[in-house]
Asks: 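After the structure tokens below, expect a handful of questions from me.
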Amino acid sequence: MKIFSGIQPTGDKHLGNYIGGFRQYAATQELGEAFFCIVDLHSITVEYDPRDLHDRTLDLFAMLIATGLDPDRSTVFAQSHVTAHAEASWLLSAVTSFGQLGRMTQFKDKAEKREFVSAGLFTYPVLMAGDILLYRTDRVPIGDDQRQHLELARDVAERFNARFGETFVVPEGIYPEVGARIMDLQEPTRKMSTTGGTEQGTVKLLEEPDVIRKKFRSAVTDSGREIRRGDDKPGVSNLVDILAVATQRTPGEIEVAYDGAGYGDLKRDVGEAVVELLAPVRQRYLELRADEPELLRLLSVGAEKARAASAPTLEAMYDRMGFVRLG
Ligand code: AMP
Ligand code: TRP
């Protein structure tokens with residue numbers, strides 16, 4: 001079984017990324033041959049500072065290892081180190097529907113918010129399809145917000161296979177059962193995000209324990225007093241989900257355990273559980289990040305492995321599409 005996922009080196013990573021992303025990656029690497037890609041090429045599709053891109057790529061690489069990816073077992077690498085990704089993206093643009101790209105809600109949301117909308121922001125899902133398809137991926141662990149992009153990747157694979165012959169595996173998503181959408185603690189009807197959320201409602205992975213405790217203490221709850229999940233209780237539902245993930249219980253078990261307790265108890269306990277969950281991650285991250293030569297060495301190892309794994313697929317694409325190859 002082949003597993004592939006990608007994550008952008010943008011924004012400070014937060015608890016939503018941990019629960020919907022990092023945690024899943026570490027768990028899914030056990031399922032088979034896994035590839036985890038820092039998608040630096042994707043992050044140039046919106047306004048960015050080149051100096052930030054450099055540092056954030058190394059930050060994210062350290063974070064992926066700190067959250068449990070094992071670079072000996074899995075292939076952890078940067079997208080720009082493997083030129084096959086940019087090439088595959090161009091080839092696949094021939095079998096991607098312009099209309100379908102225009103229906104991507106992430107594109108519409110992001111385009112609406114800015115004056116300059118790059119062509120790359122529009123074609124972003126084609127690059128993502130290439131990332132996945134190059135490794136003949138079976139499963140893609142992602143958050144809920146990436147469902148539509150994965151659907152497009154599946155359509156692209158099917159269209160290519162139908163037109164040029166069976167080349168790609170049609171991948172399936174793996175979505176977290178609990179925590180696919182962690183919400184902002186202050187505005188629990190929108191997802192936690194360092195770009196679209198509130199500062200007080202977003203828990204960053206490297207924040208000091210006391211800051212994290214405070215953010216949970218001031219989390220917005222709902223009317224009523226019962227600790228249960230429900231559409232009418234977005235704030236409490238979110239806290240229950242977070243506590244469930246942080247203490248490895250089900251949300252149902254949390255509801256039973258907190259029957260009769262107050263919102264104050266819940267908020268205190270979630271804060272404490274998250275501090276405990278993140279403390280070792282932070283510690284490992286700081287150690288790894290301090291050793292840049294070692295990070296670069298591990299990145300080269302990842303790039304080598306990813307090049308070897310993707311080259312045959314890219315070659316098959318060129319060949320089936322009719323390009324002259326020089327042997
Ligand atoms: P990004 O940082 O946007 O590249 O996202 C990295 C991963 O984290 C993706 O798999 C997202 O689906 C996931 N993710 C981002 N925000 C959240 C959230 N609020 N709740 C759950 N998962 C999230
Ligand atoms: N678009 C994804 C996000 O914003 C990142 C990504 C790029 C990705 N390529 C991928 C995720 C391939 C999974 C597989 O989160």
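Just so you know, ligand 1 is whichever comes first in the structure, and atom 1 is the first atom listed for that ligand.
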Asks: Any N or O on Met192 sitting closer than 3.5 Å to an N or O of ligand 1?
Replies: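 Right, the criterion is met.
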Asks: Please report whether ligand 1 has a polar contact with Pro141, defined as an N or O pair separated by less than 3.5 Å (distance criterion only).
Replies: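 N/O-N/O distance under 3.5 Å: no.
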Asks: Test of understanding: given a 4.0 Å heavy-atom threshold, classify the contact between Leu127 and ligand 2 as side chain, backbone, both, or neither.
Replies: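 Contact part for Leu127 vs ligand 2: neither.
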Asks: So which bit of Met183 gets within less than 4.0 Å of ligand 1, heavy atoms only: side chain, backbone, both or neither?
Replies: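 Looking at Met183 and ligand 1, no heavy atom falls under 4.0 Å.
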Asks: For Asp144, is at least one N or O under 3.5 Å away from an N or O on ligand 1?
Replies: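 Checking ligand 1 against Asp144, no N or O pair falls under 3.5 Å apart.
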Asks: Where on Gln8 is there a heavy atom closer than 4.0 Å to ligand 1, on the side chain, on the backbone, on both, or on neither?
Replies: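 The part of Gln8 near ligand 1 is both the backbone and the side chain.
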Asks: What about Gln146: any of its N or O atoms under 3.5 Å from an N or O on ligand 2?
Replies: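 Looking only at distances, the answer is yes, because the N/O contact criterion of under 3.5 Å is met.
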Asks: Which protein non-hydrogen atom lies closest to atom 10 (C) of ligand 2, naming both residue and atom, and how far is it?
Replies: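 Checking every protein heavy atom, the shortest distance to atom 10 (C) of ligand 2 gives Met128 CG, 3.5 Å.
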Asks: Flag Ser5 as yes when one of its N or O atoms lies below 3.5 Å from any N or O atom of ligand 2, and as no otherwise.
Replies: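 Checking ligand 2 against Ser5, no N or O pair falls under 3.5 Å apart.
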Asks: Any idea which atoms of ligand 2 are less than 4.0 Å away from a heavy-atom of Ile132?
Replies: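 Listed by number with element: 12 (C), 14 (C).
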Asks: I'd like to know if Lys13 contacts ligand 1, where contact means a heavy-atom distance under 4.0 Å to any ligand atom.
Replies: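 Per 4.0 Å heavy-atom rule, Lys13 contacts ligand 1.
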Asks: I'd like to know if Asp145 contacts ligand 1, where contact means a heavy-atom distance under 4.0 Å to any ligand atom.
Replies: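 It does; at least one heavy atom falls under 4.0 Å.
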Asks: Give yes if a backbone or side-chain nitrogen or oxygen of Gly143 is under 3.5 Å from a nitrogen or oxygen of ligand 1, and no if not.
Replies: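 Yes.
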Asks: To which protein heavy atom is atom 16 (N) of ligand 1 closest, and what is the distance rounded to 0.1 Å?
Replies: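 The closest heavy atom on the protein side is His14 CE1, 3.6 Å.
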Asks: Please write down residue, atom name and distance for the protein heavy atom closest to atom 9 (N) of ligand 2.
Replies: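 Result for atom 9 (N) of ligand 2: Asp131 OD2, 2.7 Å.
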Asks: Can you tell me which portion of Ile182 lies within the under-4.0 Å heavy-atom range of ligand 1? Options are side chain, backbone, both, or neither.
Replies: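 It is both backbone and side chain that touch ligand 1.
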Asks: Heavy-atom pairs closer than 4.0 Å: do any link ligand 2 to the side chain of Val140, the backbone, both, or neither?
Replies: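 It is the side chain that gets close, since no backbone atom is under 4.0 Å.
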